[in-house]
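Just so you know, these numbers come straight off a predicted model, no measurement behind them.
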Amino acid sequence: MFSVLPSALLALADGTVFEGVAIGADGHTVGEVVFNTALTGYQEILTDPSYCQQIVTLTYPHIGNVGVNDEDVESGAVQAAGLIIKDLPILHSNFRATRSLGDYLREQGVVAIAGIDTRALTRRLREHGAQNGAIVALSAGQTVTAALRQEAVALARSAPSMAGLDLAQTVTTPKAYEWTQTEWRLRRDDVRPGYGELSQPRRHVVAYDFGVKRNILRMLAERGCRVTVVPARTSAAEVLALQPDGVFLSNGPGDPQPCDYAIAAAAEIVGRGVPTFGICLGHQILALASGARTFKMKCGHHGANHPVKDLDTGRVSITSQNHGFAVDAQSLPPNLRATHVSLFDGTLQGIARTDRPAFGFQGHPEASPGPHDVAYLFDRFVALMDQAR
(Lines give C-alpha, C1' and ligand atoms only; values in the text may rest on other atoms or scores of the structure.)
Protein backbone atom coordinates (compact mmCIF):
# COMPACT_ATOMS: atom_id res chain seq x y z
CA MET A 1 0.00 0.00 0.00
CA PHE A 2 2.72 2.46 0.99
CA SER A 3 4.40 2.10 -2.40
CA VAL A 4 1.46 3.80 -4.16
CA LEU A 5 1.05 6.68 -1.72
CA PRO A 6 2.74 10.08 -2.14
CA SER A 7 5.80 10.81 -0.02
CA ALA A 8 5.67 12.93 3.11
CA LEU A 9 8.14 14.49 5.55
CA LEU A 10 8.00 15.03 9.28
CA ALA A 11 10.48 17.65 10.46
CA LEU A 12 11.22 18.64 14.05
CA ALA A 13 12.49 22.02 15.18
CA ASP A 14 15.79 20.40 16.27
CA GLY A 15 16.49 19.52 12.61
CA THR A 16 15.48 15.85 12.73
CA VAL A 17 13.62 14.73 9.59
CA PHE A 18 11.64 11.52 9.06
CA GLU A 19 10.48 10.29 5.64
CA GLY A 20 7.17 8.49 5.23
CA VAL A 21 4.01 8.54 3.14
CA ALA A 22 1.05 10.92 3.07
CA ILE A 23 -2.23 9.38 4.26
CA GLY A 24 -4.35 12.51 4.60
CA ALA A 25 -4.81 15.84 2.87
CA ASP A 26 -2.22 17.52 0.64
CA GLY A 27 -0.13 20.43 1.87
CA HIS A 28 1.59 21.03 5.19
CA THR A 29 0.80 21.62 8.84
CA VAL A 30 2.73 22.82 11.89
CA GLY A 31 2.28 22.43 15.63
CA GLU A 32 3.70 21.00 18.82
CA VAL A 33 4.52 17.31 18.34
CA VAL A 34 3.37 15.09 21.23
CA PHE A 35 2.95 11.35 21.67
CA ASN A 36 -0.12 9.48 22.89
CA THR A 37 0.15 5.92 24.25
CA ALA A 38 -3.55 4.93 23.97
CA LEU A 39 -4.22 1.67 22.13
CA THR A 40 -7.70 2.67 20.95
CA GLY A 41 -9.78 5.78 20.38
CA TYR A 42 -7.92 7.50 17.55
CA GLN A 43 -11.12 9.18 16.38
CA GLU A 44 -11.84 10.62 19.82
CA ILE A 45 -8.23 11.77 20.10
CA LEU A 46 -8.30 13.54 16.74
CA THR A 47 -11.50 15.40 17.58
CA ASP A 48 -10.51 16.37 21.15
CA PRO A 49 -10.22 20.20 21.24
CA SER A 50 -7.41 19.85 23.80
CA TYR A 51 -5.17 18.87 20.84
CA CYS A 52 -5.63 22.21 19.06
CA GLN A 53 -2.30 23.22 17.42
CA GLN A 54 -0.70 19.88 18.33
CA ILE A 55 0.47 17.14 15.99
CA VAL A 56 -0.34 13.79 17.60
CA THR A 57 1.97 10.78 17.39
CA LEU A 58 0.17 7.53 18.21
CA THR A 59 2.63 5.02 19.67
CA TYR A 60 0.43 1.98 18.99
CA PRO A 61 1.62 0.80 15.55
CA HIS A 62 -1.65 -0.14 13.79
CA ILE A 63 -4.08 2.77 13.53
CA GLY A 64 -7.25 2.79 11.44
CA ASN A 65 -8.20 -0.89 11.69
CA VAL A 66 -11.78 -0.15 12.86
CA GLY A 67 -12.36 2.75 10.48
CA VAL A 68 -14.34 5.84 11.44
CA ASN A 69 -18.00 6.33 12.36
CA ASP A 70 -20.29 9.31 12.83
CA GLU A 71 -20.84 8.89 16.58
CA ASP A 72 -17.40 8.70 18.20
CA VAL A 73 -16.46 12.34 17.68
CA GLU A 74 -15.76 14.63 20.64
CA SER A 75 -16.41 17.85 18.70
CA GLY A 76 -17.68 19.01 15.33
CA ALA A 77 -14.39 18.47 13.47
CA VAL A 78 -10.84 17.17 13.77
CA GLN A 79 -9.03 19.48 16.19
CA ALA A 80 -5.48 18.08 16.07
CA ALA A 81 -3.10 19.90 13.74
CA GLY A 82 -1.89 16.62 12.24
CA LEU A 83 -1.43 12.89 12.76
CA ILE A 84 1.67 10.67 12.84
CA ILE A 85 1.38 6.86 12.80
CA LYS A 86 3.45 3.80 11.97
CA ASP A 87 1.04 1.70 9.92
CA LEU A 88 -2.33 2.34 8.26
CA PRO A 89 -4.08 -1.02 7.59
CA ILE A 90 -5.26 -1.64 4.05
CA LEU A 91 -8.68 -2.75 5.27
CA HIS A 92 -10.85 -1.59 8.16
CA SER A 93 -13.60 -3.64 9.76
CA ASN A 94 -16.25 -2.72 12.34
CA PHE A 95 -20.04 -2.90 12.30
CA ARG A 96 -20.26 0.81 13.17
CA ALA A 97 -17.72 2.04 10.59
CA THR A 98 -18.88 4.39 7.83
CA ARG A 99 -15.54 5.09 6.12
CA SER A 100 -11.79 4.59 6.40
CA LEU A 101 -9.45 6.70 8.49
CA GLY A 102 -7.66 7.90 5.34
CA ASP A 103 -10.91 9.05 3.76
CA TYR A 104 -11.86 10.83 6.99
CA LEU A 105 -8.53 12.65 7.18
CA ARG A 106 -8.85 13.85 3.59
CA GLU A 107 -12.48 14.84 4.15
CA GLN A 108 -11.45 16.90 7.19
CA GLY A 109 -8.41 18.43 5.46
CA VAL A 110 -5.97 16.90 7.95
CA VAL A 111 -2.35 16.44 6.93
CA ALA A 112 -1.01 13.09 8.19
CA ILE A 113 2.02 10.84 7.76
CA ALA A 114 2.57 7.08 8.11
CA GLY A 115 5.45 4.69 7.60
CA ILE A 116 7.93 6.28 9.99
CA ASP A 117 9.64 4.83 13.06
CA THR A 118 7.28 6.13 15.74
CA ARG A 119 9.37 4.40 18.44
CA ALA A 120 12.41 6.50 17.53
CA LEU A 121 10.28 9.65 17.39
CA THR A 122 8.71 8.91 20.78
CA ARG A 123 12.12 8.32 22.38
CA ARG A 124 13.31 11.67 21.05
CA LEU A 125 10.27 13.50 22.40
CA ARG A 126 10.49 11.69 25.75
CA GLU A 127 14.18 12.43 26.21
CA HIS A 128 14.27 15.97 24.83
CA GLY A 129 10.70 17.09 25.44
CA ALA A 130 7.80 18.01 23.18
CA GLN A 131 8.87 20.33 20.40
CA ASN A 132 7.41 22.01 17.37
CA GLY A 133 7.27 20.14 14.09
CA ALA A 134 5.84 20.15 10.58
CA ILE A 135 4.33 17.52 8.31
CA VAL A 136 4.74 18.15 4.58
CA ALA A 137 2.60 15.96 2.29
CA LEU A 138 4.04 15.91 -1.21
CA SER A 139 2.04 15.64 -4.42
CA ALA A 140 1.88 12.36 -6.33
CA GLY A 141 5.13 11.83 -8.20
CA GLN A 142 7.00 14.53 -6.28
CA THR A 143 10.30 13.36 -4.80
CA VAL A 144 12.04 14.32 -1.57
CA THR A 145 14.97 16.68 -2.05
CA ALA A 146 17.46 18.35 0.27
CA ALA A 147 15.71 21.67 -0.33
CA LEU A 148 12.34 20.20 0.69
CA ARG A 149 13.87 18.82 3.87
CA GLN A 150 15.28 22.25 4.72
CA GLU A 151 11.91 23.88 4.01
CA ALA A 152 10.20 21.38 6.33
CA VAL A 153 12.60 22.17 9.17
CA ALA A 154 12.06 25.91 8.62
CA LEU A 155 8.29 25.38 8.83
CA ALA A 156 8.72 23.48 12.11
CA ARG A 157 10.78 26.30 13.57
CA SER A 158 8.19 28.89 12.52
CA ALA A 159 5.44 27.43 14.72
CA PRO A 160 4.67 29.41 17.90
CA SER A 161 5.53 28.02 21.32
CA MET A 162 2.62 26.51 23.24
CA ALA A 163 3.71 28.41 26.36
CA GLY A 164 1.79 31.68 26.57
CA LEU A 165 -0.89 30.64 24.04
CA ASP A 166 -4.53 31.20 24.97
CA LEU A 167 -6.27 28.63 22.75
CA ALA A 168 -9.47 28.31 24.76
CA GLN A 169 -10.91 31.26 22.82
CA THR A 170 -10.00 29.51 19.56
CA VAL A 171 -11.98 26.33 20.24
CA THR A 172 -14.86 27.59 22.40
CA THR A 173 -18.47 27.76 21.27
CA PRO A 174 -19.50 31.15 19.78
CA LYS A 175 -22.78 31.14 21.72
CA ALA A 176 -24.45 29.31 24.60
CA TYR A 177 -26.47 26.14 24.00
CA GLU A 178 -28.32 23.45 25.95
CA TRP A 179 -27.09 19.84 26.17
CA THR A 180 -29.36 16.92 27.13
CA GLN A 181 -27.85 13.91 25.27
CA THR A 182 -26.82 11.02 27.55
CA GLU A 183 -24.28 8.22 27.16
CA TRP A 184 -24.07 5.70 24.31
CA ARG A 185 -25.47 2.22 24.87
CA LEU A 186 -25.11 -0.86 22.70
CA ARG A 187 -28.75 -1.75 23.41
CA ARG A 188 -31.20 0.93 24.44
CA ASP A 189 -34.90 0.53 25.30
CA ASP A 190 -35.80 0.40 21.60
CA VAL A 191 -33.21 -2.42 21.18
CA ARG A 192 -31.05 -0.24 18.94
CA PRO A 193 -27.62 1.15 19.85
CA GLY A 194 -27.11 4.86 20.31
CA TYR A 195 -27.25 7.84 22.65
CA GLY A 196 -30.09 8.58 25.04
CA GLU A 197 -31.89 11.78 25.95
CA LEU A 198 -32.34 13.35 29.38
CA SER A 199 -36.06 13.47 30.08
CA GLN A 200 -36.30 14.51 33.73
CA PRO A 201 -33.46 16.86 34.72
CA ARG A 202 -32.91 17.17 38.46
CA ARG A 203 -30.04 19.65 38.43
CA HIS A 204 -28.80 22.53 36.29
CA VAL A 205 -25.09 22.77 35.47
CA VAL A 206 -23.44 25.63 33.59
CA ALA A 207 -20.39 24.34 31.73
CA TYR A 208 -17.64 26.67 30.57
CA ASP A 209 -16.46 25.55 27.14
CA PHE A 210 -12.68 25.90 27.02
CA GLY A 211 -12.63 23.00 24.52
CA VAL A 212 -15.16 20.64 26.07
CA LYS A 213 -15.51 17.03 24.89
CA ARG A 214 -19.02 15.83 24.15
CA ASN A 215 -18.74 12.73 26.29
CA ILE A 216 -18.09 14.90 29.35
CA LEU A 217 -21.42 16.62 28.73
CA ARG A 218 -23.09 13.23 28.22
CA MET A 219 -21.81 11.96 31.57
CA LEU A 220 -23.25 15.01 33.31
CA ALA A 221 -26.59 14.52 31.53
CA GLU A 222 -26.53 10.82 32.42
CA ARG A 223 -26.54 11.89 36.07
CA GLY A 224 -29.66 14.01 35.70
CA CYS A 225 -27.97 17.32 34.85
CA ARG A 226 -29.38 19.70 32.30
CA VAL A 227 -26.29 21.42 30.96
CA THR A 228 -26.02 24.96 29.65
CA VAL A 229 -22.73 25.30 27.76
CA VAL A 230 -21.35 28.84 27.64
CA PRO A 231 -18.43 30.49 25.79
CA ALA A 232 -15.05 30.75 27.47
CA ARG A 233 -15.29 34.50 28.05
CA THR A 234 -18.69 34.40 29.77
CA SER A 235 -18.57 36.52 32.92
CA ALA A 236 -19.29 35.19 36.39
CA ALA A 237 -22.27 37.55 36.62
CA GLU A 238 -23.85 36.03 33.50
CA VAL A 239 -23.33 32.50 34.84
CA LEU A 240 -24.67 33.31 38.28
CA ALA A 241 -27.74 34.91 36.69
CA LEU A 242 -28.62 31.46 35.31
CA GLN A 243 -28.89 30.22 38.93
CA PRO A 244 -26.98 26.97 38.36
CA ASP A 245 -26.77 24.19 40.92
CA GLY A 246 -23.14 23.79 39.88
CA VAL A 247 -20.51 25.12 37.48
CA PHE A 248 -18.22 22.93 35.37
CA LEU A 249 -14.83 24.14 34.05
CA SER A 250 -13.97 22.06 31.00
CA ASN A 251 -10.83 20.69 29.43
CA GLY A 252 -9.11 22.65 26.70
CA PRO A 253 -5.85 23.39 24.89
CA GLY A 254 -2.98 25.76 25.51
CA ASP A 255 -1.49 27.56 28.48
CA PRO A 256 -3.90 28.33 31.36
CA GLN A 257 -2.05 31.43 32.56
CA PRO A 258 -3.16 33.77 29.72
CA CYS A 259 -6.82 32.88 30.41
CA ASP A 260 -7.19 35.74 32.87
CA TYR A 261 -10.89 36.18 32.04
CA ALA A 262 -11.59 32.54 33.01
CA ILE A 263 -9.44 32.74 36.15
CA ALA A 264 -11.32 35.83 37.33
CA ALA A 265 -14.73 34.26 36.61
CA ALA A 266 -13.80 31.03 38.40
CA ALA A 267 -12.53 32.95 41.44
CA GLU A 268 -15.83 34.83 41.76
CA ILE A 269 -18.02 31.75 41.21
CA VAL A 270 -16.09 29.65 43.73
CA GLY A 271 -16.06 32.57 46.16
CA ARG A 272 -19.87 32.67 46.02
CA GLY A 273 -19.95 29.05 47.22
CA VAL A 274 -21.30 27.54 43.99
CA PRO A 275 -20.24 23.86 43.67
CA THR A 276 -17.51 23.81 41.01
CA PHE A 277 -15.74 20.97 39.21
CA GLY A 278 -12.80 21.50 36.84
CA ILE A 279 -10.94 19.02 34.67
CA CYS A 280 -7.72 19.37 32.66
CA LEU A 281 -7.47 23.08 31.70
CA GLY A 282 -10.44 23.74 33.99
CA HIS A 283 -8.54 22.11 36.86
CA GLN A 284 -5.58 24.40 36.17
CA ILE A 285 -7.82 27.47 35.97
CA LEU A 286 -9.39 26.54 39.31
CA ALA A 287 -5.90 26.25 40.82
CA LEU A 288 -4.82 29.64 39.45
CA ALA A 289 -8.08 31.19 40.67
CA SER A 290 -7.29 29.84 44.15
CA GLY A 291 -3.73 31.24 44.25
CA ALA A 292 -1.60 28.33 42.98
CA ARG A 293 0.79 28.31 40.01
CA THR A 294 1.12 26.21 36.85
CA PHE A 295 4.11 25.21 34.71
CA LYS A 296 4.91 23.76 31.26
CA MET A 297 5.78 20.06 31.42
CA LYS A 298 8.67 18.45 29.55
CA CYS A 299 6.55 16.24 27.32
CA GLY A 300 3.18 16.23 29.06
CA HIS A 301 0.80 13.35 29.70
CA HIS A 302 -1.08 11.92 26.71
CA GLY A 303 -2.58 8.45 26.88
CA ALA A 304 -5.13 6.15 28.45
CA ASN A 305 -2.93 4.11 30.78
CA HIS A 306 -1.75 6.59 33.44
CA PRO A 307 -1.94 5.38 37.07
CA VAL A 308 -3.21 7.99 39.53
CA LYS A 309 -3.49 7.62 43.30
CA ASP A 310 -6.40 9.07 45.28
CA LEU A 311 -4.71 10.44 48.42
CA ASP A 312 -7.96 10.35 50.40
CA THR A 313 -8.71 6.65 49.88
CA GLY A 314 -5.44 5.13 48.65
CA ARG A 315 -7.27 3.90 45.56
CA VAL A 316 -5.19 3.66 42.38
CA SER A 317 -7.01 4.30 39.10
CA ILE A 318 -5.88 3.93 35.50
CA THR A 319 -6.76 7.19 33.79
CA SER A 320 -6.97 8.99 30.47
CA GLN A 321 -4.66 12.02 30.21
CA ASN A 322 -4.09 14.86 27.77
CA HIS A 323 -2.20 17.90 29.05
CA GLY A 324 1.08 19.71 28.58
CA PHE A 325 0.78 21.97 31.65
CA ALA A 326 0.37 21.06 35.32
CA VAL A 327 -0.32 22.65 38.68
CA ASP A 328 2.77 23.19 40.84
CA ALA A 329 2.21 21.12 43.98
CA GLN A 330 4.66 23.30 45.93
CA SER A 331 2.56 26.42 45.24
CA LEU A 332 -0.73 25.33 46.84
CA PRO A 333 -2.07 27.97 49.25
CA PRO A 334 -3.65 26.94 52.60
CA ASN A 335 -7.14 26.81 51.06
CA LEU A 336 -6.11 24.13 48.53
CA ARG A 337 -5.15 20.55 49.26
CA ALA A 338 -3.80 17.81 47.01
CA THR A 339 -6.22 14.93 46.38
CA HIS A 340 -4.57 12.91 43.58
CA VAL A 341 -1.01 12.35 42.31
CA SER A 342 0.42 10.69 39.22
CA LEU A 343 2.27 7.45 39.92
CA PHE A 344 4.28 7.97 36.73
CA ASP A 345 6.09 11.13 37.78
CA GLY A 346 4.51 12.35 41.04
CA THR A 347 2.91 15.42 39.47
CA LEU A 348 -0.28 16.80 40.98
CA GLN A 349 -3.46 15.29 39.54
CA GLY A 350 -6.21 16.54 41.82
CA ILE A 351 -7.03 19.45 44.13
CA ALA A 352 -9.87 20.46 46.43
CA ARG A 353 -10.71 23.72 48.13
CA THR A 354 -10.83 23.44 51.91
CA ASP A 355 -13.14 26.44 52.30
CA ARG A 356 -15.52 26.04 49.33
CA PRO A 357 -17.31 23.15 47.51
CA ALA A 358 -14.85 23.07 44.60
CA PHE A 359 -12.40 20.50 43.26
CA GLY A 360 -10.43 19.68 40.14
CA PHE A 361 -8.87 16.72 38.37
CA GLN A 362 -6.06 16.88 35.82
CA GLY A 363 -6.98 13.82 33.73
CA HIS A 364 -10.06 13.16 31.62
CA PRO A 365 -12.47 11.24 33.87
CA GLU A 366 -15.00 10.77 31.07
CA ALA A 367 -12.38 8.42 29.56
CA SER A 368 -13.18 8.87 25.90
CA PRO A 369 -11.06 7.02 25.04
CA GLY A 370 -9.79 5.19 28.09
CA PRO A 371 -10.76 3.40 31.30
CA HIS A 372 -13.69 4.49 33.46
CA ASP A 373 -11.90 4.22 36.81
CA VAL A 374 -12.39 7.85 37.85
CA ALA A 375 -15.98 8.33 36.69
CA TYR A 376 -16.76 8.58 40.41
CA LEU A 377 -15.62 12.21 40.24
CA PHE A 378 -18.84 13.05 38.37
CA ASP A 379 -20.78 11.42 41.20
CA ARG A 380 -18.80 13.53 43.68
CA PHE A 381 -19.78 16.68 41.78
CA VAL A 382 -23.44 15.65 41.83
CA ALA A 383 -23.22 14.98 45.58
CA LEU A 384 -21.74 18.47 46.14
CA MET A 385 -24.66 20.04 44.28
CA ASP A 386 -27.22 18.03 46.20
CA GLN A 387 -25.61 18.95 49.52
CA ALA A 388 -25.60 22.62 48.58
CA ARG A 389 -29.31 22.49 47.75
Side-chain angles (χ1 to χ4, degrees), residues 49-50 74-75 168 171-184 195-252 259 261-286 289-290 350-353 356-368 372 374-389:
S50 294
E74 291 299 330
S75 63
V171 298
T172 191
T173 179
K175 60 182 181 179
Y177 62 93
E178 298 294 310
W179 184 276
T180 55
Q181 189 179 71
T182 59
E183 296 178 51
W184 194 90
Y195 295 108
E197 188 71 20
L198 175 64
S199 58
Q200 295 181 322
R202 299 184 298 278
R203 306 164 192 89
H204 179 211
V205 171
V206 172
Y208 271 94
D209 178 14
F210 304 128
V212 71
K213 296 169 72 176
R214 290 176 176 175
N215 216 47
I216 292 172
L217 302 177
R218 294 184 186 111
M219 291 188 76
L220 289 169
E222 187 77 20
R223 288 160 174 79
C225 301
R226 174 176 64 87
V227 184
T228 302
V229 185
V230 298
R233 292 194 69 94
T234 305
S235 69
E238 292 174 275
V239 168
L240 293 170
L242 297 173
Q243 298 182 319
D245 296 305
V247 172
F248 177 76
L249 308 174
S250 85
N251 63 291
C259 302
Y261 51 90
I263 296 167
E268 184 173 347
I269 289 166
V270 172
R272 294 288 190 92
V274 179
T276 304
F277 177 27
I279 72 164
C280 192
L281 182 67
H283 155 85
Q284 297 160 11
I285 286 172
L286 175 62
S290 302
I351 57 172
R353 284 285 291 259
R356 294 289 188 274
F359 69 101
F361 184 72
Q362 181 60 79
H364 285 207
E366 95 295 340
S368 186
H372 297 165
V374 286
Y376 68 86
L377 294 175
F378 288 97
D379 299 326
R380 182 177 296 175
F381 182 40
V382 167
L384 276 183
M385 289 188 283
D386 290 347
Q387 290 167 14
R389 289 200 300 181

With A352 via side chain to side chain contact (heavy atoms under 4.5 Å, CB included) - residues at least two apart:
R337, T339, F359

Minimum heavy-atom distance D209-T172, with the two atoms named
O-OG1, 2.5 Å

Could you work out, with salt bridge (charged side-chain N to carboxylate O under 4.0 Å, His left out) as the rule, every residue matching R202, not counting sequence neighbours?
none

Decide yes or no for L240 and E268: does some side-chain heavy atom of the first lie under 4.5 Å from some side-chain heavy atom of the second?
yes

Quick one: pull up CG in L220 and OG in S250 and give me the separation to the nearest 0.5 Å.
10.5 Å

What residues, two or more places apart in sequence or in another chain, satisfy side chain to side chain contact (heavy atoms under 4.5 Å, CB included) together with R356?
V270, R353

Tell me if the CD atom of Q243 is crowded by more than 12 foreign heavy atoms within 6.0 Å.
no

With side chains defined as the heavy atoms from C-beta onward, is the minimum distance between Q181 and L217 less than 4.5 Å?
no

Residues pairing under ring-ring contact (aromatic ring centres under 6.0 Å, His included) where one sits in residues 208-242, two or more places apart or in two chains, turn out to be Y208-F210

Sequence neighbours left out, what passes side-chain hydrogen bond (donor to acceptor under 3.5 Å, both in side chains) with Y376? Give chain and number order.
D310, H340

Hits for side chain to side chain contact (heavy atoms under 4.5 Å, CB included) against E183, two or more places apart or cross-chain, chain-then-number order -> R185, R218, M219, E222, R223

4.5 Å side-chain heavy-atom contact, V206 and F248
no

Should D245 and V205 count as side-chain neighbours, where that means a heavy-atom distance under 4.5 Å?
no

Using residues 273-280 as the side-chain source, report each donor-acceptor pair under 3.5 Å to any protein atom, sequence neighbours left out, with the distance given to one decimal.
from	atom 1	to	atom 2	distance (Å)
T276	OG1	V274	O	2.8

Residues that R203 engages under salt bridge (charged side-chain N to carboxylate O under 4.0 Å, His left out), provided they are two or more places apart
D386

State which residues pass salt bridge (charged side-chain N to carboxylate O under 4.0 Å, His left out) with E74; sequence neighbours excluded, sorted by chain then number.
none

Result block: side-chain N/O donor-acceptor pairs under 3.5 angstrom for residues 224-237, not counting sequence neighbours:
from	atom 1	to	atom 2	distance (Å)
R226	NH1	E178	OE1	3.1
T228	OG1	E178	OE1	3.2
T228	OG1	E178	OE2	2.7
T228	OG1	H204	NE2	2.7
R233	NH1	Q169	OE1	3.3
T234	OG1	P231	O	2.8
S235	OG	E238	N	3.2
S235	OG	E238	OE1	3.0

Is it true that N251 and S50 share a donor-acceptor pair across their side chains at a distance under 3.5 Å?
yes

Checking Q387 now: which residues fulfil side chain to side chain contact (heavy atoms under 4.5 Å, CB included) with it, not counting sequence neighbours?
A383, L384

Test: ring-ring contact (aromatic ring centres under 6.0 Å, His included). Region: residues 212-235. Which pairs qualify, not counting sequence neighbours?
none

S368 to K213 - nearest heavy-atom pair and separation:
O-NZ, 2.8 Å

